[in-house]
Colleague: 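Here's a structure for you.
Below, chains carry the letters A, B, ... as their sequence lines are ordered, and counting in each starts from 1.
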Amino acid sequence: MTHNLKLTNSFTRKKELFKPINPKSVTMYACGPTVYDNPHVGNARSLVVFDTLFRVLKKIYENVNYVRNITDVDDKIIEASKKKNKTINEITEEVTKIFHQNCKSLNCLKPTMEPKATSHINEMVEMTKSLIKKNFAYEANGHVYFSVSSFKNYGALSNKNLEDLKAGSRIEVSKFKKNPMDFVLWKPSAEGDPGWESPWSRGRPGWHLECSVMSEKYLGKQFDIHGGGLDLIFPHHENEIAQSCSNNSSEKFSNYWVHNGFVTINKEKMSKSLGNIISITEAVNKYSGQVVRLALLSAHYRQPLDWNDKLLENQRSTIEKWYQLYDETNEEISLELIDTLLDDLNTPGFIAKIHELYTKANKGDKKSKKIFNSACKLIGLFDLNKNEWENFKKINKDISEDFILKKIEERLAAKQKGDYKLADQIRNELLNKDVIIEDQKGKTTWKFK
RNA sequence: GGCCACGUGGCGGAAUGGUUACGCAGAGGAUUGCAAAUCCUUUUAUUCCAGUUCGAUUCUGGACGUGGCCUCCA
């Protein structure tokens, strides 16, 4: 298949033609969740964006190796454990389970691999040893720090230089660090906290290390795409580069860096500290997974996306409208159509094309109808068939079908008698209960709002 | 303070050196007992200033504004 996928590479800050290392097999790593608390809509954006990229890559390459990690050792998990009076395992298992449910309801495909940090402690210890041996890291009082000044390209991804970083430093400087910018590879654990034996202390790895270790293990020392939210550029991804390139004596780690923009609420970043969090579970229960998914894809992935009821209601009526032409079908989509997605994953442009297909299909064009359905499925919509979608809407509605059908009969009788006042009254009564009555081609149908 | 992104019609949101998507909302019409749904038609825009150009919303510079990163964060 010929194609020209373009991606905006955060490293060069330019849109570039994508050329994988292996022309038939693509390698992609995306930073997954730290499992300490319910994932929120901001996390969902990352999930959906990289899932969509995964789907597009699968469409044009024979093989796509997509790794998304789970961070299950972290200070925030320890805090959550103490705060909620639960064990570390209880917390991480519980949140991982919710995360997987969220992925499913958003119709995200399973990544090729989903490695956990705690299953790779040995490799992280080995990498730390190696970095010390090569003089990129040093031990101090049970801690191991990466020496930032030893890596000459430090700041290349985030476009920062060490002088500026020092000048604006808000970092808590540990007395053991040689340089305030140095970051931790290994730290000792307090008694009772999760810890593993190591040459330096009973402790745990620093956050950045797992991604370096796991990406190398499953994708190689150099791979094609590394993704995550915009806020991971510094320090997380910068530090991954420093560790991996130093240890491998290589210039490159990931060839393309892809970062998604934030979900905002009232134009402000959704974040725990601002307390403006909406969980994925909450959003999905209210609007359904695919409405949430469509909303997340309604703006280009690098732009901010403001989360509000109007946006969601809008997407909901779009999905509702599109379901009228739902079809179990699998028509091959032309490259011309996919081209919009290949241009830096332009999902809003692609959605516009779906609207156009809908219009044509609705006029009776059978081929457009098939392509319309395939296009929806390509970006992960229509995971529920029409019945399942109608059933979904019945959840949280305390009204029985029998009651609705009885009311429809009463209304029909009223209409036949010419009592339109009563007929309208019944229709309004049902509308107040979120039931919409439609008279079409001599038949009366109903559906939930 | 350093760095980055953005500023498109009533709203959301793409694209583009000249013909100006798409959705929602609005207007008119078809249909309907009236509606709803659907169909047809349709109004409205590129923050400001300067430069490059035959021509800029698009390129360059500046101003103003908004948000983000520089500490954990998708």
Colleague: Would you mind checking if A/Asp383 and A/Lys377 are paired as a salt bridge, meaning a charged N to carboxylate O distance below 4.0 Å?
Modeller: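 Here A/Lys377 does not pair with A/Asp383 in a salt bridge, since their nearest N and O are not under 4.0 Å apart.
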Colleague: Between B/rG18 and B/rU57, how far apart are the two P atoms, rounded to whole Å?
Modeller: 11 Å
Colleague: Just checking A/Glu313: base, sugar-phosphate only, or nothing, at a heavy-atom cut-off of under 4.0 Å?
Modeller: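 Here A/Glu313 touches no strand at all.
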Colleague: At under 4.0 Å between heavy atoms, what does A/Gln315 touch on the DNA or RNA strands: base, sugar-phosphate, or nothing?
Modeller: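 Nothing, no nucleic acid heavy atom in range.
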Colleague: As a test of reading the structure: which of B/rA15, B/rC24, B/rC73 is closest to the side chain of A/Asp231, going by heavy atoms?
Modeller: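 Closest nucleotide among those given: B/rC73.
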Colleague: Should A/Glu320 and A/Lys449 count as an ion pair when the cut-off is N to O under 4.0 Å?
Modeller: no
Colleague: Suppose you measure atom P in B/rC73 against the same atom in B/rU20; what distance do you get, rounded to whole Å?
Modeller: 47 Å
Colleague: Phosphate oxygens OP1/OP2 of B/rA14: is one of them under 4.0 Å from a side-chain N or O of A/Lys353?
Modeller: no
Colleague: Rounded to whole Å, please give me the gap between NE2 in A/His236 and C1' in B/rC73.
Modeller: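 Taking atom C1' of B/rC73 as the reference, NE2 of A/His236 is at 11 Å.
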Colleague: When the C1' atoms of B/rG2 and B/rA14 are compared, how many Å lie between them, rounded to an integer?
Modeller: 33 Å
Colleague: Quick one: the side chain of A/Arg427 and the base of B/rA35, do they pair up donor-acceptor inside 3.5 Å?
Modeller: yes
Colleague: In whole Å, what is the span from the CG atom of A/Asp309 to the C1' atom of B/rC11?
Modeller: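 That distance rounds to 15 Å.
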Colleague: Is B/rU57 paired to anything, Watson-Crick or G-U wobble with both distances less than 3.5 Å, and if yes, which nucleotide?
Modeller: none
Colleague: Determine the interatomic distance between C1' on B/rU71 and the same-named atom on B/rU16; round to the nearest Å.
Modeller: 41 Å
Colleague: Has A/Asn362 got a side-chain N or O lying under 4.0 Å from the OP1 or OP2 atom of B/rC39?
Modeller: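 Checking A/Asn362 against B/rC39: at least one side-chain N or O falls below 4.0 Å of OP1 or OP2.
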Colleague: When rounded to the nearest Å, what value does the distance between C1' atoms of B/rU8 and B/rG23 take?
Modeller: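 Rounded to whole Å, the distance is 15 Å.
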Colleague: Should A/Lys116 and A/Glu210 count as an ion pair when the cut-off is N to O under 4.0 Å?
Modeller: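 No.
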Colleague: Regarding A/His40, tell me which of base, sugar-phosphate or nothing describes its non-hydrogen contacts under 4.0 Å with the strands shown.
Modeller: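 Base contact - A/His40 has a heavy atom under 4.0 Å of at least one base atom.
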Colleague: Whom does B/rG23 pair with, Watson-Crick or G-U wobble, provided both distances fall under 3.5 Å?
Modeller: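 B/rG23 is paired with B/rC11.
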Colleague: Can you tell me the base-pairing partner of B/rG65? Count Watson-Crick or G-U wobble geometry only, both distances below 3.5 Å, and say none if there is no partner.
Modeller: B/rC6
Colleague: Whole-Å distance between B/rC22 C1' and A/Lys321 NZ?
Modeller: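 That distance rounds to 10 Å.
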Colleague: Name the nucleic acid region contacted by A/Lys160, choosing base, sugar-phosphate or nothing; use a 4.0 angstrom heavy-atom cut-off, strictly under.
Modeller: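 Result for A/Lys160 = base.
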Colleague: Which part of the nucleic acid, if any, lies within contact of A/Val263, taking any heavy atom under 4.0 Å across all strands shown: a base, the sugar-phosphate backbone alone, or nothing?
Modeller: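 If one applies the 4.0 Å heavy-atom cut-off, A/Val263 turns out to touch a base.
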Colleague: Hey, is A/Asp37 close enough to A/Lys76 for a salt bridge, meaning N to O under 4.0 Å?
Modeller: no
Colleague: At 4.0 Å (heavy atoms only), tell me whether A/Phe234 reaches a base, stays on the sugar-phosphate, or touches nothing.
Modeller: sugar-phosphate
Colleague: Expressed in angstrom and rounded to an integer, what is the separation of A/Lys267 atom NZ from B/rG67 atom C1'?
Modeller: 10 Å
Colleague: Under 3.5 Å, is there any donor-acceptor pair linking the side chain of A/Arg13 to the base of B/rC4?
Modeller: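 No such pair is found, so the answer is no.
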Colleague: Mind checking the C1' distance from B/rG12 to B/rA50? Whole angstroms is fine.
Modeller: 32 Å
Colleague: Atom NE2 of A/His300 to atom P of B/rC6: distance rounded to whole Å?
Modeller: 11 Å
Colleague: Centroid-to-centroid, A/His120 to A/Tyr218, below 6.0 Å?
Modeller: yes
Colleague: Identify the two heavy atoms, one from A/Asp309 and one from A/Lys286, that lie closest to each other, and give their separation to 0.1 Å.
Modeller: OD1-NZ, 3.8 Å
Colleague: May I ask you to say what A/Asn159 touches in the nucleic acid, namely base, sugar-phosphate or nothing, with a heavy-atom cut-off under 4.0 Å?
Modeller: sugar-phosphate
Colleague: Could you tell me the separation between the CZ atom of A/Arg302 and the P atom of B/rG67, rounded to a whole number of Å?
Modeller: 20 Å
Colleague: Quick check: any donor-acceptor pair below 3.5 Å linking the side-chain of A/Asp424 to the base of B/rG33?
Modeller: yes
Colleague: A/Lys272 has an atom NZ; how far is it from atom C1' of B/rC72, in whole Å?
Modeller: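 From A/Lys272 NZ to B/rC72 C1': 12 Å.
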Colleague: Is there a donor and acceptor pair, one atom on the side chain of A/Lys310 and one on the base of B/rC24, closer than 3.5 Å?
Modeller: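 Answer no: no donor N or O sits under 3.5 Å from an acceptor.
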Colleague: Charged N to carboxylate O below 4.0 Å: is that the case for A/Asp51 and A/Arg68?
Modeller: no
Colleague: Ignoring backbone atoms, test whether A/Asn314 places a side-chain nitrogen or oxygen under 4.0 Å from the OP1 or OP2 oxygen of B/rC11.
Modeller: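 No, outside the criterion.
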Colleague: Please give the distance between the P atoms of B/rU46 and B/rG10 as a whole number of Å.
Modeller: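 Looking at atom P only, B/rU46 and B/rG10 are 9 Å apart.
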Colleague: Across all strands shown, which nucleotide pairs with B/rA30 by Watson-Crick or G-U wobble geometry, both distances under 3.5 Å?
Modeller: B/rU38
Colleague: Look at all strands and tell whether A/Asp439 reaches a base, only sugar-phosphate, or nothing, counting heavy atoms closer than 4.0 Å.
Modeller: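 A/Asp439: base contact, heavy atoms under 4.0 Å.
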Colleague: Check every strand shown and say whether A/Gly261 touches a base, only sugar-phosphate, or nothing at a heavy-atom separation below 4.0 Å.
Modeller: base
Colleague: Check every strand shown and say whether A/Gly228 touches a base, only sugar-phosphate, or nothing at a heavy-atom separation below 4.0 Å.
Modeller: sugar-phosphate
Colleague: In whole Å, what separates the P atom of B/rA74 from that of B/rG17?
Modeller: 37 Å
Colleague: Does a side chain donor of either A/Tyr323 or A/Gln290 reach within less than 3.5 Å of an acceptor in the other side chain?
Modeller: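 Per modelled atom types, A/Tyr323 and A/Gln290 side chains form a pair under 3.5 Å.
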